[in-house]
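To keep things clear, I will list the structure first and then write my remarks on it.
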Amino acid sequence: MTAMTALPAEMAQQVLDSQPFSALVGARITGFGDGSAVLEIDVRKELTQQNGFLHGGVLSYAADNAITFAAGTTLGPAVLTGGFSIQYVRPASGRTLSARAEVVHTGRRQAVVRCDLYTSDDEGAETLCAVAQGTVLSVRPS
């Protein structure tokens with residue numbers, strides 16, 4: 001990875017802020033660089049489903065964006081998610097959702113990224129609620 005191809009850390013939050021849906025859910029980047037990214041969302045009633053748990057769509061959104069941002073640290077800023085899968089391991093509840101993504105492999109045109117999603121409670125205790133993996137593609141010209 002060269003400094004010219006990697007997404008600069010100072011641009012990451014600006015990119016996130018430019019996404020209207022990210023603003024709607026209140027997402028923020030709290031970690032970024034060297035093949036990893038952390039995206040956090042405060043849990044609030046508007047983001048829950050009928051049983052009071054964080055909606056699976058919010059977890060999927062967080063995984064997708066964290067995966068893409070992590071890949072951007074190795075592939076550069078011109079990236080798109082090629083696909084991802086998510087496994088929900090337990091209902092998500094608590095104060096904060098944290099999506100922690102790490103690049104597993106980077107090639108010339110794509111990266112494979114794993115993302116673990118945790119919720120934390122008022123005391124800071126964390127619970128794993130989902131695991132995701134995705135492929136991110138470079139869309140920069142050849």
Side-chain angles (χ1 to χ4, degrees), residues 1-49 52-142:
M1 172 176 64
T2 66
M4 290 179 53
T5 60
L7 178 66
E10 60 272 7
M11 285 181 55
Q13 188 65 48
Q14 291 174 3
V15 170
L16 187 69
D17 291 342
S18 73
Q19 301 172 356
F21 190 77
S22 293
L24 180 69
V25 299
R28 61 191 176 275
I29 294 178
T30 59
F32 182 80
D34 296 325
S36 67
V38 179
L39 187 136
E40 291 185 352
I41 299 170
D42 292 329
V43 176
R44 59 184 203 272
K45 185 176 174 152
E46 297 83 10
L47 302 178
T48 62
Q49 43 88 299
F53 300 116
L54 196 56
H55 193 283
V58 176
L59 276 77
S60 290
Y61 154 81
D64 180 18
N65 258 7
I67 285 169
T68 305
F69 273 98
T73 70
T74 63
L75 292 173
V79 293
L80 293 173
T81 303
F84 78 98
S85 65
I86 187 166
Q87 299 299 312
Y88 302 102
V89 295
R90 68 180 44 87
S93 62
R95 175 179 285 272
T96 306
L97 173 67
S98 178
R100 301 174 190 162
E102 187 164 335
V103 173
V104 175
H105 173 77
T106 298
R108 288 185 44 204
R109 305 288 294 173
Q110 71 177 19
V112 176
V113 185
R114 175 190 164 104
C115 183
D116 295 329
L117 293 101
Y118 295 87
T119 53
S120 57
D121 63 17
D122 291 333
E123 288 78 42
E126 294 185 326
T127 302
L128 180 69
C129 55
V131 176
Q133 180 173 303
T135 301
V136 178
L137 309 172
S138 172
V139 294
R140 69 177 183 265
S142 298

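Note that the structure is a prediction, hence the values are computed from the model and not measured. Reckoned from all heavy atoms, side chains included, excluding hydrogens, waters and symmetry mates.
Across all non-hydrogen atoms, the minimal contact from Cys129 to Leu59 is SG-CD2, 3.7 Å. Shortest non-hydrogen contact noted between Ile67 and Gly134 is CD1-N, 3.9 Å. Considering all non-hydrogen atoms of both residues, Thr96 and Val43 come closest at N-CG2, 4.0 Å. Across every non-hydrogen atom of Thr73 and Gly35, the tightest pair is OG1-N, 2.8 Å. Across every non-hydrogen atom of Ser60 and Phe84, the tightest pair is O-CZ, 3.6 Å. Residue Cys115 comes nearest to Ala63 through the heavy atom pair SG-CA, 4.0 Å, listed as atom of the first residue, atom of the second, then distance.
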- Please walk me through it: do Ser93 and Thr119 pass side-chain contact (heavy atoms from CB on, under 4.5 Å)? CA-CA 6 Å; Ser93 62; Thr119 53; 5.6 Å; no

- Item | Glu40/Arg28 under salt bridge (charged side-chain N to carboxylate O under 4.0 Å, His left out): CA gap, chis, key distance, verdict | CA-CA 5 Å; Glu40 291 185 352; Arg28 61 191 176 275; 3.6 Å; yes

- Task: Check the pair Asp116 / Arg100 against salt bridge (charged side-chain N to carboxylate O under 4.0 Å, His left out), numbers first and verdict last.
- Result: CA-CA 5 Å; Asp116 295 329; Arg100 301 174 190 162; over 6 Å; no

- Item | Residues Val104, Gln133; criterion side-chain contact (heavy atoms from CB on, under 4.5 Å); working and verdict | CA-CA 9 Å; Val104 175; Gln133 180 173 303; 5.6 Å; no

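The 12-atom threshold is not exceeded at CD of Gln87, counting heavy atoms of other residues, nucleotides or ligands nearer than 6.0 Å. Counting heavy-atom neighbours within 6.0 Å of Arg44 CZ, excluding the residue itself, gives a total above 12.
Annotation: the span from Met11 atom CE to Asp17 atom CG amounts to 12.0 Å, rounded to 0.5 Å. With rounding to the nearest 0.5 angstrom, the OH atom of Tyr118 is 12.0 Å from the CG atom of Leu97. Annotation: the span from His55 atom NE2 to Thr48 atom OG1 amounts to 9.0 Å, rounded to 0.5 Å. Rounded to the nearest 0.5 Å, atoms CZ (Phe69) and CG (Leu16) are 5.0 Å apart. In this structure, Tyr61 OH and Leu39 CG are separated by 5.0 Å, a value rounded to the nearest 0.5 Å. Arg108 contributes atom CZ, which lies 11.5 Å from atom CG of Leu75 (distance to the nearest 0.5 angstrom).
Annotation: side chain of Glu102 is not in contact with side chain of Arg114 (no heavy-atom distance under 4.5 Å). Counting heavy atoms from C-beta outward, Leu137 and Gln110 have side chains that approach closer than 4.5 Å. Between Leu117 and Ile86 there is a side-chain heavy-atom pair separated by less than 4.5 Å.
Between the Arg90 side chain and the Leu128 main chain, a donor and an acceptor come within less than 3.5 Å of each other.
A donor-acceptor contact under 3.5 angstrom links the side chains of Thr68 and Thr81, judged on distance only.
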